[in-house]
2 protein chains.
Amino acid sequence: MTQLRKGLMELCLLRLLRGGESYGYEIVRRLRSLPALAVSESTVYPVLARLRAEGFVRVREAPSPAGPPRRVFSLSARGRARLAEYNAHWNAVIADLDSISHPSPKESDP
Amino acid sequence: MTQLRKGLMELCLLRLLRGGESYGYEIVRRLRSLPALAVSESTVYPVLARLRAEGFVRVREAPSPAGPPRRVFSLSARGRARLAEYNAHWNAVIADLDSISHPSPKESDP
DNA sequence: GCTGACTACTATGCTTTCCGTAGTACGTCA
DNA sequence: TGACGTACTACGGAAAGCATAGTAGTCAGC
């Protein structure tokens, strides 16, 4: 089932950041609360680095109440465009998969 | 975007076979007609082999009107159980991803 | 009876992504 | 000072999809 997540993390993070800026550690915690998408640091940080390298997110430093400073990520304009593309593709996948389940209304298996 | 398909092929094939038995070449053609799931032989055949090795599908030989005999696949009882599991997980993924998009009903960005 | 086209499947090697495990370093509080 | 929570980094492995190429069976048409 872990394979189903391949390529989904990017969409997850873009969507998360659309709701407002956040930092790695918090993102990990929020994703952990979703059973089907639960991931660990070693998954999230590389994706964030990738998104940053491609200019989809911006980073700024912010002090933490306890611990080292945070790297706070926020969506860039390119990131928003990317998210739109990604959402479209994701919806297409869902639609196509649905079309397999319901091939035509004439067939109904008992 | 190809990464989004990781782990999805198994679900695709199980769903396709739920609608009735089929063989590799036809499955490839049917998937090619779905833009978001379009794949080639080199993707489909290994997945079919995997499903067969794990007992999720049965195989029988059938003559072809033109060409070598076909290997016709059909869902086994285990395969149907697997499909149910897979569907449940898939729906969970969709739900969790949706919950990211709509974190709480108080926020609505224009 | 040979060529070409279509059918059906096989083989190999690469790339990407997720993830387990481990480690580093900062800061507060007792 | 040392234990604890925070925040991030590094490394290696595994699995799936996919490009590319190849094998082989059957039939049509000349």
Side-chain angles (χ1 to χ4, degrees), chain A residues 1-14 21-32 34-54 56-57 59-73 86 89-90 93 96-97, chain B residues 1-14 21-32 34-54 56-57 59-73 86 89-90 93 96-97:
Chain A
M1 303 259 141
T2 157
Q3 295 293 333
L4 245 190
R5 276 193 280 271
K6 294 284 165 98
L8 258 186
M9 281 304 110
E10 207 172 311
L11 176 56
C12 282
L13 300 196
L14 290 174
E21 59 179 15
S22 185
Y23 53 98
Y25 201 69
E26 190 190 34
I27 290 174
V28 171
R29 273 188 314 216
R30 289 178 64 182
L31 287 181
R32 260 201 244 274
L34 304 175
L37 299 175
V39 290
S40 67
E41 281 109 322
S42 57
T43 298
V44 169
Y45 284 108
V47 179
L48 284 173
R50 218 165 63 216
L51 291 174
R52 185 179 177 287
E54 298 181 270
F56 297 133
V57 300
V59 193
R60 69 177 173 87
E61 292 248 324
S64 163
R70 296 165 174 162
R71 299 183 142 251
V72 178
F73 297 85
Y86 226 126
H89 185 66
W90 176 245
V93 167
D96 280 357
L97 245 147
Chain B
M1 303 258 144
T2 157
Q3 294 293 330
L4 245 189
R5 278 193 279 271
K6 294 284 166 104
L8 258 186
M9 280 304 110
E10 206 173 310
L11 176 57
C12 282
L13 300 196
L14 290 174
E21 60 180 15
S22 185
Y23 54 97
Y25 202 69
E26 192 191 32
I27 291 175
V28 170
R29 273 188 313 216
R30 291 179 62 183
L31 286 181
R32 261 201 244 272
L34 304 174
L37 299 175
V39 290
S40 67
E41 283 108 321
S42 55
T43 298
V44 168
Y45 284 108
V47 178
L48 284 173
R50 219 164 64 215
L51 290 174
R52 186 179 177 285
E54 299 181 90
F56 297 134
V57 299
V59 192
R60 70 178 174 85
E61 292 248 326
S64 164
R70 295 165 175 166
R71 300 183 142 252
V72 178
F73 297 85
Y86 227 125
H89 185 66
W90 175 246
V93 168
D96 279 357
L97 245 147

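Just so we're on the same page: letters track the sequence lines, and every chain starts at 1.
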Q) Got a second to check how far Leu97(B)'s CG is from Leu34(A)'s CG, nearest 0.5 Å? A) 8.5 Å
Q) Do the side-chain N or O atoms of Arg50(A) get closer than 4.0 angstrom to the phosphate oxygens (OP1, OP2) of dC18(C)? A) yes
Q) Does the side chain of Leu48(A) reach to within under 4.5 Å of the side chain of Ile27(A), using non-hydrogen atoms? A) yes
Q.
When you measure from the side-chain N and O atoms of Arg70(B) to the phosphate of dA8(C), is any distance below 4.0 Å, counting only OP1 and OP2?
A. yes
**Q.** Per Met9(A) side chain, nearest of listed nucleotides dC18(C), dG17(D), dA8(C)
**A.** dC18(C)
Q. Quick one: Glu10(A) CD to dT16(C) C1', roughly how many Å, whole number?
A. 12 Å
Q | Gap between atoms CZ and P, on Arg71(A) and dA25(C) respectively (whole Å) | A | 15 Å
Q: Return the nearest nucleotide to the side chain of Thr2(B); candidates are dG17(D), dC18(C), dC9(C).
A: dG17(D)
**Q.** Euclidean distance, atom CD of residue Glu61(B) to atom P of dA24(D) [Å, nearest integer]
**A.** 16 Å
Q.
Closer than 4.0 angstrom, basic N to acidic O: yes or no for Arg60(A) and Glu21(A)?
A. yes
(Q) If you only use heavy atoms from C-beta on, which nucleotide in dC18(D), dA16(D), dA7(D) is closest to the side chain of Gln3(A)? (A) dA16(D)
Q. dT7(C), dC18(C), dA25(C): which one has an atom nearest the side-chain heavy atoms of Val47(A)?
A. dC18(C)
Q. What does Leu4(A) touch in the nucleic acid at a heavy-atom separation under 4.0 angstrom: a base, only the sugar-phosphate, or nothing?
A. nothing
Q: For Ile27(A), report the nucleic acid contact type (base, sugar-phosphate, nothing); a contact means any heavy atom under 4.0 Å.
A: nothing
Q) Given dC9(C), is OP1 or OP2 found less than 4.0 Å from the side-chain N or O atoms of Tyr45(B)? A) yes
Q | Atom-pair distance (CG on Leu8(B); C1' on dT17(C)), nearest Å | A | 14 Å
Q) Taking the side chain as C-beta and beyond, is there a heavy-atom pair between Val28(A) and Thr43(A) under 4.5 Å? A) no
Q.
Rounded to whole Å, please give me the gap between CG in Leu48(B) and C1' in dC18(D).
A. 15 Å
Q | Proximal nucleotide (of dT16(C), dG20(C), dA19(D)) relative to the Ser40(B) side chain | A | dA19(D)
Q | Close side-chain approach of His89(A) and Leu11(A), heavy atoms under 4.5 Å | A | no
Q) Does a nitrogen or oxygen in the side chain of Tyr23(B) sit under 4.0 Å from OP1 or OP2 of dA8(C)? A) yes
Q | Position toward the 5' end of DNA chain C (nearest nucleotide), Pro65(A) or Met1(A) | A | Met1(A)
Q) Does the side chain of Val72(A) reach to within under 4.5 Å of the side chain of Val59(A), using non-hydrogen atoms? A) no
Q | Nucleotide nearest Ser64(A) (side chain, heavy atoms from C-beta), chosen from dA7(D), dT10(C), dG17(D) | A | dA7(D)
**Q.** Arg5(A) side-chain proximity, nearest of dA8(C), dG17(D), dC19(C)
**A.** dC19(C)
Q | Sugar-phosphate, base or nothing in reach of Pro69(A), heavy atoms under 4.0 Å | A | sugar-phosphate
Q | Atom-pair distance (OH on Tyr25(B); C1' on dA24(D)), nearest Å | A | 14 Å
Q: Could you please name the option among dG17(D), dC9(C), dC18(C) that lies closest to any side-chain atom of Lys6(A)?
A: dC18(C)
Q) Considering only heavy atoms and no angle criterion, is a donor-acceptor pair shorter than 3.5 Å present between the side chain of Ser42(A) and the base of dG20(C)? A) yes
**Q.** Protein-nucleotide distance (Glu41(A), atom CD; dC18(C), atom P), rounded to Å
**A.** 15 Å
Q | Glu26(B) CD to dA8(C) P, straight-line distance once rounded to whole Å | A | 9 Å
